[in-house]
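The structure under discussion appears below in the form of structure tokens.
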Amino acid sequence: MKSTHYNDNVFINCPFDAKYKSLFDAMVFAVHDCGFIPRCALEEDDASEVRIDKIYSIIADCRYGIHDISRTELDEGSGLPRFNMPLELGVFLGAKKFGTEEQKRKKCLILDTEQYRYQQFISDIAGQDIQAHNNSSREIITRVRNWLRTASRRETIPGGSIIWRRYRDFRTDLPQTAREYQLTVEDLIFNDYSLMVTRWLETKAKPLSHYVYYV
């Protein structure tokens, strides 16, 4: 049974390592600022639950999904690539194709570093509208915002330049915000960070009239 937040939940499928963290942080902020709820495997740490079952459960509870398939490098330790992101994308697309009527209304954004690079390693998704972020936090925010605006048709979503300015303000305030919760930026786990974003947007985000759009 889906939760009451199904239509607000956004499943994030991306690398969780240090190299990707700046992009991940920007993505989570953008999802929140657009009025949605970011969900990912990092939100739970239950050793009694098999990881793939946890992912199935989260995907089933999300109408929207963001999938970054850019991490194709070989692992330095094993010399092998990591296939978690394509696997989770496949689960999401499978739920959309074969699930209930509610699941069939799922929508997803697929990201890569370059527009057509995916054709060299996952050509079966040819025909999907793959968006490039060029390893830029600002572009991640713009891509996520524009997609959520189009996919949800919600008219209350601020523009990408507004969200980017808010994100920069948030990053400046984050150390102090974390201290208020007896935390440090370095120690923030996903649930902590998500809470920081939520609280900051509730109390510190300036009204839209404060900002000026640049064309």
Side-chain angles (χ1 to χ4, degrees), residues 3 5 8-59 61-62 64-71 73-78 82-85 87-88 109 111 113 133-145 148 158 160 162-206:
S3 77
H5 297 293
D8 298 317
N9 287 341
V10 180
F11 175 64
I12 296 180
N13 167 27
C14 69
F16 295 134
D17 56 47
K19 291 181 179 179
Y20 193 87
K21 191 174 187 308
S22 62
L23 301 180
F24 178 66
D25 286 352
M27 186 187 301
V28 170
F29 184 92
V31 171
H32 273 297
D33 203 4
C34 288
F36 294 82
I37 303 170
R39 305 283 306 277
C40 71
L42 296 177
E43 70 186 44
E44 296 183 15
D45 187 16
D46 183 356
S48 69
E49 185 176 12
V50 178
R51 177 182 170 85
I52 193 65
D53 289 335
K54 174 169 60 177
I55 291 169
Y56 291 156
S57 178
I58 297 173
I59 288 176
D61 206 26
C62 297
Y64 302 98
I66 300 172
H67 304 265
D68 190 329
I69 56 173
S70 61
R71 184 55 53 80
E73 302 92 334
L74 299 182
D75 182 81
E76 294 180 0
S78 67
R82 295 180 60 84
F83 292 133
N84 288 346
M85 278 66 74
L87 171 63
E88 292 175 27
L109 169 66
L111 297 167
T113 51
H133 57 65
N134 299 301
N135 291 316
S136 163
S137 295
R138 182 165 188 169
E139 288 198 38
I140 280 272
I141 285 175
T142 299
R143 299 299 183 191
V144 169
R145 180 272 166 195
L148 283 172
I162 297 294
I163 298 175
W164 173 244
R165 286 173 174 79
R166 285 177 171 170
Y167 181 62
R168 289 189 301 175
D169 290 345
F170 165 75
R171 295 301 305 190
T172 298
D173 292 345
L174 184 56
Q176 177 59 37
T177 304
R179 282 194 293 271
E180 291 172 2
Y181 287 85
Q182 301 184 62
L183 297 166
T184 64
V185 174
E186 294 74 21
D187 293 334
L188 295 179
I189 61 174
F190 171 74
N191 291 337
D192 293 329
Y193 181 76
S194 190
L195 175 65
M196 299 295 102
V197 174
T198 301
R199 293 291 182 263
W200 188 90
L201 287 171
E202 290 174 349
T203 61
K204 298 288 186 67
K206 298 178 178 64

Heavy atoms, side chains only, cut-off 4.5 Å: are [X] and [Y] in contact?
X	Y	result
Ile58	Cys62	yes
Phe24	Leu42	yes
Val31	Val144	yes
Leu201	Phe170	no
Met196	Tyr181	yes
Cys34	Leu148	yes

Compare every heavy atom of [Y] with every heavy atom of [X], then report the nearest pair and how far apart it is.
X	Y	value
Ala41	Ile55	CB-CG1, 4.4 Å
Arg143	Leu111	CB-CD2, 4.1 Å
Ile69	Met85	CA-CB, 4.5 Å
Glu88	His67	O-CE1, 3.9 Å
Tyr20	Ser70	CE1-OG, 4.4 Å

Run the side-chain hydrogen bond (donor to acceptor under 3.5 Å, both in side chains) test against [X] and tell me which residues pass, sequence neighbours left out.
X	answer
Asp173	Trp200
Thr198	none
Asp8	Arg154

Using modelled atom types only, decide if a donor and an acceptor are shared between the side chain of Lys21 and the backbone of Phe16 within a distance under 3.5 Å.
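No.
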
Verify, without hydrogens or angle tests, whether Asp17 (side chain) and Lys19 (backbone) share a donor-acceptor contact under 3.5 angstrom.
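Yes, the answer is positive, given that a donor and an acceptor are paired below the 3.5 Å cut-off.
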
Considering residues at least two apart in sequence or located in another chain, which fulfil the side-chain contact (heavy atoms from CB on, under 4.5 Å) criterion with Gln176?
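Listed in chain order: Arg179, Glu180.
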
Donor on one side chain, acceptor on other, Ser22 and Asp25, under 3.5 Å:
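There is no such pair between these side chains.
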
For His133 and Asp68, does a side-chain donor sit closer than 3.5 Å to a side-chain acceptor?
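Yes, Asp68 and His133 have a side-chain donor paired with an acceptor closer than 3.5 Å.
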
Please report whether the ring centroid of Phe36 lies less than 6.0 Å from that of Phe11.
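When the ring centroids of Phe11 and Phe36 are compared, they turn out to be at least 6.0 Å apart.
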
[atom1]-[atom2] distance between [X] and [Y], expressed to the nearest 0.5 angstrom:
X	Y	atom1	atom2	value
Thr177	Leu188	OG1	CG	10.0 Å
Arg39	Tyr64	CZ	OH	15.0 Å
Arg145	Ile140	CZ	CD1	15.5 Å
Ile163	Phe29	CD1	CZ	7.5 Å
Ile12	Cys40	CD1	SG	6.0 Å
Ser194	Glu43	OG	CD	9.0 Å

Can you list everything that forms a salt bridge (Lys or Arg N to Asp or Glu O under 4.0 Å) with Arg199? Sequence neighbours excluded, please.
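Salt bridge (Lys or Arg N to Asp or Glu O under 4.0 Å) list for Arg199, sorted by chain: Glu202.
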
Who are the salt bridge (Lys or Arg N to Asp or Glu O under 4.0 Å) partners of Asp33, not counting sequence neighbours?
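Checked Asp33 against salt bridge (Lys or Arg N to Asp or Glu O under 4.0 Å); matches are Arg166.
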
